[in-house]
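Computed from a predicted model, the values in this text were never measured in an experiment. Indexing begins at 1, ligand by ligand and atom by atom, following the structure's order.
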Amino acid sequence: MASIGACGLSGVNRQAFSDEDVQARKLLVKWASELGLRIFSDAIGNLFLRYEPKGSTGAPVLSGSHMDSQPCGGRFDGTYGVLAALEAVTALHASGAQLRRPVDVVCWSNEEGSRFAPGAMGSMVFTGTRSLEEFLDIRDRAGIYLRDALGQTLDAIPQAQRCPIGFSAYAYVEVHIEQGAVLEQAGKRIGVVTGIQGCRWFEVEVTGEARHAGTTPMRARKDALQSAVRMILALREHFADAQDHVRFTVGRFDTLPNSPNTVPEHVRFTIDLRHPEDAELARLAGSICSIAQTAGAPCGVTVRATFVCDPVQFRKRITQHVADAAGALGLEALHMPSGAFHDAMFLAAHCPTGMIFVPSARGISHHPDEYTASADLAAGARVLAEVLQKLATE
Ligand SMILES: [Zn+2]
């Protein structure tokens with residue numbers, strides 16, 4: 001699979017609804033056909049490969065992830081979750097296990113959002129978070145409409161039966177590389193993912209007075225940049241927590257007039273704030289304005305919220321299955337929240353949902369150097385197979 005859209009020494013460039021994405025889908029469908037799975041696709045191009053042994057009925061257990069990548073991303077992000085689910089289904093098939101309900105390997109469309117923003121389109125449309133119509137007129141940088149690229153992708157897999165958007169599912173389990181270094185540093189092989197941290201974005205505007213850098217005494221200045229620096233330091237100190245759970249990032253910083261010999265009049269900077277717990281994230285977010293205003297005096301300060309994404313807690317029943325499966329296989333596991341967003345974030349509102357992490361070497365992801373040892377990939381797939389069997393038979 002990694003040879004499709006190969007980029008650099010070991011990366012992939014397989015952006016949503018591209019020729020490479022289509023080739024990857026075709027290969028996946030070929031493997032699924034060899035296993036005798038039934039192939040479905042909905043109108044946003046989510047692919048479902050259904051294992052439906054005799055005696056299984058009703059809503060399926062879903063497992064998968066995405067196969068699109070960043071412009072030069074790694075070979076494991078997303079793709080591992082789809083292929084691990086296919087491996088798990090292959091093992092269920094080989095074992096001849098009696099299942100009460102079908103198991104679908106799912107490949108969600110456009111998780112990365114690097115070609116057509118936003119990301120997680122497939123899972124958002126499936127769960128009714130957003131409608132397909134909202135996305136059809138989005139264009140990529142070459143001016144190509146999503147509706148056309150999606151149409152070509154759907155046409156390329158004629159054997160896929162059309163299924164309705166958002167059919168009911170018994171449960172969803174996604175295995176994914178961690179994309180951080182927590183498991184590696186803890187020396188654990190399996191992450192029992194408890195949920196996905198929430199995120200809030202802010203834009204802070206600092207207004208001072210532009211003055212001559214040579215003639216204006218220090219005590220008479222309203223220097224927007226000096227105020228902004230004090231604010232950022234005060235916020236960083238305020239957000240420091242012993243467990244290191246808070247994520248506080250100032251990633252964009254613009255100053256006006258941006259001249260070496262004028263006292264800065266205007267600064268605008270962004271804040272990206274994340275935490276796994278809803279109440280704590282809200283409390284931290286609520287403190288930004290007063291801290292910024294106090295530290296920013298004598299300049300004027302306004303804080304505007306620009307984006308909110310609430311934390312998601314996965315269902316205890318699913319995390320327990322993951323922990324039990326890891327224990328039964330003798331794999332050391334760690335309960336942890338996910339630092340990154342995943343399709344599972346949206347599925348959590350649709351059906352009982354959980355995730356399994358495997359270690360990422362040095363925490364590198366969205367880069368060709370992304371790497372997970374084969375033994376760890378296999379361990380994650382084995383845990384997934386146990387969990388899927390449990391969910392499909394309970
Ligand atoms: Zn991913």
Side-chain angles (χ1 to χ4, degrees), residues 1-2 4-5 7 10-18 20-21 24-25 28 44-47 62-88 105-127 129 172-184 190-191 193-197 199 247 274 309 312 314 322 336-348 353-372 376-377 380-381 383-384:
M1 191 58 82
I4 301 174
C7 152
S10 58
V12 288
N13 177 5
R14 200 162 57 222
Q15 296 184 66
F17 309 128
S18 63
E20 293 78 19
D21 187 5
R25 287 162 182 261
L28 182 70
I44 183 83
N46 294 320
L47 259 180
L62 301 186
S63 180
S65 189
H66 60 96
M67 294 203 303
D68 66 314
S69 79
Q70 288 286 315
C72 196
R75 57 172 63 182
F76 302 100
D77 178 1
T79 307
Y80 166 56
V82 177
L83 299 187
L86 190 69
E87 284 289 336
V105 175
V106 51
C107 170
W108 302 112
S109 286
N110 189 25
E111 194 273 345
E112 295 291 354
S114 49
R115 181 181 179 200
F116 296 105
M121 269 186 197
S123 47
M124 284 201 287
V125 169
F126 182 82
T127 55
T129 314
Y172 175 66
V173 186
E174 179 169 353
V175 57
H176 204 285
I177 57 166
E178 183 202 328
Q179 303 180 280
V182 172
L183 287 173
E184 185 182 65
I190 296 294
V193 186
T194 52
I196 298 182
Q197 69 179 350
C199 176
R247 301 282 177 269
R274 303 185 191 215
C309 191
V312 166
F314 290 145
V322 175
M336 60 186 294
S338 171
F341 293 165
H342 296 287
D343 292 305
M345 185 164 188
F346 300 99
L347 268 294
T353 292
M355 285 189 81
I356 303 162
F357 275 170
V358 293
S360 291
R362 292 183 290 147
I364 297 170
S365 187
H366 285 188
H367 188 280
D369 288 349
E370 187 180 274
Y371 178 74
T372 300
D376 293 341
L377 296 170
V383 171
L384 178 66

Exercise: do H66 and D343 side chains pair donor with acceptor under 3.5 Å: no
Apply disulfide (SG to SG under 2.5 Å) to C199 and list each qualifying residue two or more places apart in sequence or on a separate chain. none
Ignoring waters, how many protein N/O/S atoms are under 2.8 Å from the Zn ion (ligand 1)? 3
What residues, two or more places apart in sequence or in another chain, satisfy disulfide (SG to SG under 2.5 Å) together with C309? none
Would you tell me whether S18 and E20 have side-chain atoms, one donor and one acceptor, within less than 3.5 Å of each other? yes
What side-chain donor-acceptor pairs closer than 3.5 Å can you find for residues 356-363, not counting sequence neighbours?
{"unit_1": "S360", "atom_1": "OG", "unit_2": "E178", "atom_2": "N", "d": "3.4"}
{"unit_1": "S360", "atom_1": "OG", "unit_2": "Q179", "atom_2": "N", "d": "2.8"}

How about Q15 and N13: does a side-chain donor come under 3.5 Å of a side-chain acceptor? yes
